[in-house]
Amino acid sequence: LIPGLTDTPEELGLLAGIITALPNQPTVELLPYHTMGCEKWEQLNRPYALTGIPSATDQETERATGYLQSRGLTVL
């Protein structure tokens, strides 16, 4: 769950549509984005595509969880 990229209602709606179309709906586990890997990219002298994007907050994760649950998905 990347703030501003994959946590919008549009993106979550697309995700829910893909999952609900599956014959056996899996349990969804949302993994909130964090910045712990940024230093690794710096050490490798490689550009990090998500520079400046903050870690997902508990509130953002809860909002996304609620949205997916409202679409009938089981979310951890």
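We use all heavy atoms of the structure for the numbers below, so side chains are in, but hydrogens, waters and symmetry mates are not. Being a predicted model, the structure only gives us computed values, none of them experimental.
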Note: L1 and A56 closest approach over all heavy atoms is O-CB, 3.7 Å
For L5 and L50: C-alpha separation, side-chain torsions, deciding distance, then whether side-chain contact (heavy atoms from CB on, under 4.5 Å) applies. CA-CA 10 Å; L5 295 177; L50 300 177; 3.7 Å; yes
Tell me yes or no: between the side chains of E11 and T8, is some donor less than 3.5 Å from an acceptor? no
By the ring pair (Phe, Tyr, Trp, His ring centres under 6.0 Å) test, which pairs, at least two apart or in different chains, include something from residues 57-76? none
With sequence neighbours left out, the residues meeting side-chain contact (heavy atoms from CB on, under 4.5 Å) with P54 are none
Salt bridge (charged side-chain N to carboxylate O under 4.0 Å, His left out): pairs with one or both residues in residues 62-76, sequence neighbours excluded: D7-R63
What's the separation between atom CG in L30 and atom CG in L12, rounded to the nearest 0.5 Å? 7.5 Å
Ring pair (Phe, Tyr, Trp, His ring centres under 6.0 Å) pairs touching residues 2-26, sequence neighbours excluded, are none
Test of understanding: with side-chain contact (heavy atoms from CB on, under 4.5 Å), list the residues that count as partners of P26, not counting sequence neighbours. I19, L22
dist I2:CD1 -> S55:OG (nearest 0.5 Å) comes out at 11.0 Å
Using the side chain to side chain donor-acceptor pair (under 3.5 Å) rule, collect all pairs that involve residues 25-50, keeping only residues at least two apart or in two chains. Y33-Y48
